[in-house]
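Numbering of ligands and ligand atoms starts at 1, following listing order. Excluded from the calculations below are hydrogen atoms, water molecules and symmetry mates; all remaining heavy atoms, backbone and side chain alike, are included.
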Amino acid sequence: MASPAVDLRDWIALLEREGELVRVSAEVDPDLEITEITDRVVKAGGPALLFEHPKGAKHPLLINQFGTERRMCLAFGVDRLDDLAEKLAEILELQPPQGLVDKVRSLGKLKSIADSMPKEVSKAACQEIVLTGDEVDLDRFPIQRCWPLDPAPFITLPAVITKDRETGVRNVGMYRMQKLDRASTFMHWQLHKDGRADLRAAPDGRIPVAVAIGLDPVTAYSASAPLPKHVGELMVAGFLKGSAVQLVKCKTVDLEVPANAEIVLEGWVSSDDVGLEGPFGDHTGFYTPAEEFPIFRISAITMRRDAIYPSIVVGKPPAEDEWLAKATERIFLPAIRMSVPEVVDYDLPTTGAFHNCVLVSIRKRYPGHAKKVMHAMWGLGLLSLTKCVVVVDEHVDVHDYDQVFFYACANVDPKRDVVLAEGPLDQLDHAPTLQAYGGKLGIDATAKGPDEGARAWPAEIEMTPEIRARVDARWAELGLPEHAGSRDVQNGARGGRLRRSLQRTRR
Ligand SMILES: Cc1cc2nc3c(=O)[nH]c(=O)nc-3n(C[C@H](O)[C@H](O)[C@H](O)COP(=O)(O)O)c2cc1C
Ligand SMILES: [Mn+2]
C-alpha cells in the first residue's frame with residue numbers, strides 16, 4: 001500500500017490512477033443538481049467526482065472522495081480499516097519493555113508519536129493568494145445548496161480550527177457553515193462539541209477561527225474524529241499519516257492552519273453575534289430545524305492557485321459520510337477497549353445514523369455484565385449520545401445484523417433484559433420530547449442463567465466440527481451450487497455487506 005497522499009491534489013492524482021475518479025466537464029449547478037447526481041453515484045458505490053465547471057463558480061468541486069471502503073483504505077494507505085485500529089492499539093497498550101529488543105521496539109513506537117506532532121513552516125501553498133477586505137468573496141466557490149428546504153448554500157467539508165484559551169490546545173472540528181453573504185457564514189458547532197466549548201470559555205466571548213478546506217484525506221478525516229478535548233486532532237492525523245501535519249501562521253488571526261490546504265478562511269466568532277441557522281437536510285435523513293448559532297465573520301481568504309473546493313452531501317443513509325463514520329468506528333475500538341476491556345467488537349449501523357444505535361459484543365463473566373457495558377457506552381465520549389445499545393455475546397458477529405437481530409429476539413425477555421434510562425441525546429435528533437435530552441434503551445441479548453433470574457439456558461444448535469470438515473471436503477462431489485457450501489451460511493444468517501467486505505480480525 002502506498003503511503004497516504006500529501007495533499008488534496010496528490011490524493012486526486014492517486015484516485016485517478018486507481019480508476020476511482022471521474023471528471024465531469026459539463027456545467028452543473030451547485031444548487032441541488034450536484035446533490036442529485038452525487039447521491040445516485042454514492043448509493044451505487046460509484047467513483048469520486050471532480051466537477052470541473054460548477055455553474056457560477058471560479059473553482060472545481062470534488063465530491064465522493066470518501067464514498068467507499070476501498071477509497072477510505074486508499075486514503076489511509078491500509079488494506080483494511082482494522083489495520084488502523086491495530087496501529088493505535090500498539091501505542092495505547094504500550095507496556096514497560098522487558099528485554100533489549102523490546103526496548104528498541106518501544107522506542108520506535110514512542111518516536112512515531114513524537115514525530116506526529118504538527119510542525120510549523122514559514123511558507124505555504126495555502127497562502128499563494130491572499131484576499132482581504134472587499135476582495136473576500138465566498139461567491140467564487142461552488143458552495144452547494146444540498147437539499148430543497150435548505151435556505152442557502154452550506155460549506156460541508158471544513159476543518160474548523162480554534163484554540164482553548166487556557167490550555168492552548170488546538171481543536172479541529174468538522175462543522176457545517178451556512179453561507180450568509182460574501183464574507184460571512186454561520187458556525188454550526190453543536191452543544192457537545194469542542195469548538196463551541198472554546199467559544200464558551202473565551203473571557204470576552206470572542207475567538208479567532210480559521211477554516212481549512214481541501215486537505216489531504218487523513219487530515220480532513222481527523223476533523224470529524226470525536227477525540228477527547230485535550231487530544232489534538234492534528235497530532236492524530238500526523239500519527240495516522242506517518243508524517244507530521246505542517247502548519248503555517250494565518251495572515252489576519254493568531255492561529256495556524258495546515259499548509260497544504262487548498263483554501264483557508266480566517267475570521268472571528270462572537271457569542272453575541274448570532275442568528276437563525278438552518279433548516280438543513282442532515283445525516284439524520286430529516287431537516288434539522290432552524291436554530292440559533294453564532295456567525296463567522298471572515299477577515300481573509302487565502303488559497304492555492306487554481307484552488308479545488310471539496311464538498312460532501314449528507315442525507316438519508318447511506319451517504320458519503322458513512323465511511324468517515326466507519327473509519328471512526330474502527331479507529332476508536334482500541335480506545336474503547338482501554339476503558340471497557342470486555343468489549344470484543346462494536347458496530348454503529350449506518351442506517352442508525354451512527355448515534356441512534358450501537359451493537360456491542362462482550363466477553364461476559366458475571367451477572368449484570370451486559371447492563372454494565374450499556375452504562376459504560378452511555379458514559380464514553382460522544383457514544384454517550386447513543387439512544388439504543390444492544391449487547392451480545394462474544395461469538396456473535398456484530399457486523400452481521402441478521403445475527404444480532406436473531407439474538408436480540410431469541411435471547412430476550414423484555415421485562416428482565418431491557419433497560420430504560422435517560423441521558424443526553426444528539427442535538428440533531430428530532431424524536432425526543434426535549435432537545436438533546438431523553439430516553440435510552442438497552443437490550444441485553446446475551447445468554448443468561450439462573451444468577452440473572454433466567455431458567456437453565458438451553459444449548460444452541462451447532463454441527464460438530466468433524467461433520468463440517470467432512471462436508472467441506474465432499475462438497476464438490478455432491479454437485480450442489482458452490483456458494484451454498486460456504487460456512488458463512490450459519491444460524492440462518494446470510495452475512496452482511498460489511499462483514500463480507502471488512503473481514504474482521506478478532507482478538
Ligand atoms: C460531513 C460531516 C458534517 C458534520 N457536521 C457537523 C456540524 O454541522 N456540527 C457539529 O457539531 N458536528 C458536525 N459533524 C460531527 C463533528 O465533526 C464531530 O462530532 C467531531 O468530533 C467534532 O469535533 P470536536 O470533537 O473537536 O468538537 C459533522 C461530521 C461530518 C462527517
Ligand atoms: Mn476535538
Side-chain angles (χ1 to χ4, degrees), residues 35 38 42 62-67 72 75 144 146-147 150 154-164 167 169-179 185-201 209 211-213 215 217 219-237 269 277-284 287-294 296 310-315 317-329 331-332 335 348 350 353-355 380-386 424-429 435-436:
T35 298
T38 305
V42 169
L62 175 71
I63 198 161
N64 202 20
Q65 58 177 307
F66 298 114
M72 212 62 206
Q144 284 185 272
C146 298
W147 296 105
D150 294 0
F154 285 78
I155 297 172
T156 51
L157 205 60
V160 177
I161 297 165
T162 52
K163 261 190 190 168
D164 186 313
T167 63
V169 173
R170 183 185 298 107
N171 193 70
V172 189
M174 192 173 282
Y175 318 113
R176 72 176 187 236
M177 296 159 59
Q178 177 183 332
K179 183 173 164 238
T185 73
F186 281 107
M187 187 55 76
H188 187 262
W189 43 45
Q190 295 159 38
L191 200 55
H192 309 103
K193 306 303 172 77
D194 295 342
R196 182 154 174 158
D198 285 346
L199 175 62
R200 211 184 288 129
V209 176
V211 178
I213 300 169
L215 298 168
T219 309
Y221 158 77
S222 76
S224 78
L227 293 164
K229 188 162 191 311
H230 60 279
V231 179
E233 282 83 2
L234 296 183
M235 188 269 285
V236 172
V269 172
E277 196 259 13
F280 178 70
D282 223 314
H283 76 283
T284 57
Y287 287 94
T288 49
E291 200 182 339
E292 198 169 88
F293 276 92
F296 173 54
S311 186
I312 187 169
V313 172
V314 299
E320 185 184 343
D321 57 332
E322 166 178 18
W323 288 103
L324 287 170
K326 278 289 152 195
T328 288
E329 179 200 291
I331 288 169
F332 281 72
L348 307 173
T350 301
F354 307 110
H355 58 266
L380 276 180
L382 284 183
L383 271 180
S384 63
L385 305 180
T386 302
L425 295 176
D426 193 295
Q427 185 177 4
L428 303 181
D429 190 335
Q435 190 183 21

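At least one side-chain heavy atom of Lys193 sits less than 4.5 Å from a side-chain heavy atom of Leu382. Phe186 is not listed as a side-chain neighbour of Phe296, based on a closest heavy-atom distance of 4.5 Å or more.
Close approach of ligand 1 to Leu324 is summarised as follows: ligand atoms under 4.0 Å from at least one heavy atom of the residue are 31 (C). Against a heavy-atom cut-off of under 4.0 Å, Pro226 is close to the following atoms of ligand 1: 21 (O). Heavy-atom contacts of Ile312 reach the following atoms of ligand 1: 1 (C) (cutoff under 4.0 Å). For ligand 1, the atoms closer than 4.0 angstrom to any heavy atom of Leu382 are 19 (O).
Using a 4.0 Å cut-off between charged side-chain N and carboxylate O, Glu233 and Arg170 make no salt bridge. We find that Lys229 and Asp164 are joined by a salt bridge, their nearest charged nitrogen and carboxylate oxygen being less than 4.0 Å apart.
Residues His355 and His283 place their aromatic rings such that the two centres sit under 6.0 Å apart. The ring of Phe154 has its center closer than 6.0 angstrom to the ring center of Phe280.
In terms of modelled atom types and a separation under 3.5 Å, the side chain of Asp150 and the main chain of Gly281 share a donor-acceptor contact. Side chain of Glu320 to backbone of Phe66: a donor-acceptor contact under 3.5 angstrom is found.
Closest to the Mn ion (ligand 2) among the N, O or S atoms of Glu233 is OE2. Closest approach between the Mn ion (ligand 2) and any N/O/S atom of Asp194 involves OD2.
Looking only at protein heavy atoms, the nearest one to atom 10 (C) of ligand 1 is Gln190 NE2, 2.9 Å. What sits closest to atom 24 (P) of ligand 1 on the protein, heavy atoms only, is Tyr175 OH, 3.5 Å. Among all protein heavy atoms, the one lying closest to atom 14 (N) of ligand 1 is Met174 O, 3.1 Å. Of all protein heavy atoms, the one lying nearest to atom 25 (O) of ligand 1 is Asp194 OD2, 3.5 Å.
Look at Glu233 and you'll find a heavy atom under 4.0 Å from some atom of ligand 1. Residue Ala197 places every heavy atom at 4.0 Å or more from ligand 1. Heavy atoms of Val172 come nearer than 4.0 angstrom to ligand 1 in at least one pair.
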Tyr175 and His188: CA distance, side-chain angles, deciding distance, ring-ring contact (aromatic ring centres under 6.0 Å, His included) verdict: CA-CA 5 Å; Tyr175 318 113; His188 187 262; 8.5 Å; no

Full working for side chain to side chain donor-acceptor pair (under 3.5 Å) between Ser311 and Gln144: CA-CA 8 Å; Ser311 186; Gln144 284 185 272; 2.5 Å; yes

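Rounding to the nearest 0.5 angstrom, the gap separating the CD atom in Gln427 from the CH2 atom in Trp189 is 13.5 Å.
Of the candidates His283, Glu320, Lys193, Lys193 brings a heavy atom nearest to atom 12 (N) of ligand 1. The closest heavy-atom contact to atom 20 (C) of ligand 1, among the options Pro158, Gly173, Ser224, comes from Ser224. The closest heavy-atom contact to atom 9 (N) of ligand 1, among the options Met177, His188, Gln178, comes from His188.
For ligand 1, the polar-atom distance check finds no N/O of Thr156 at less than 3.5 Å from any of the ligand's N/O atoms.
Heavy atoms of Ala225 found under 4.0 angstrom from ligand 1 belong exclusively to the backbone.
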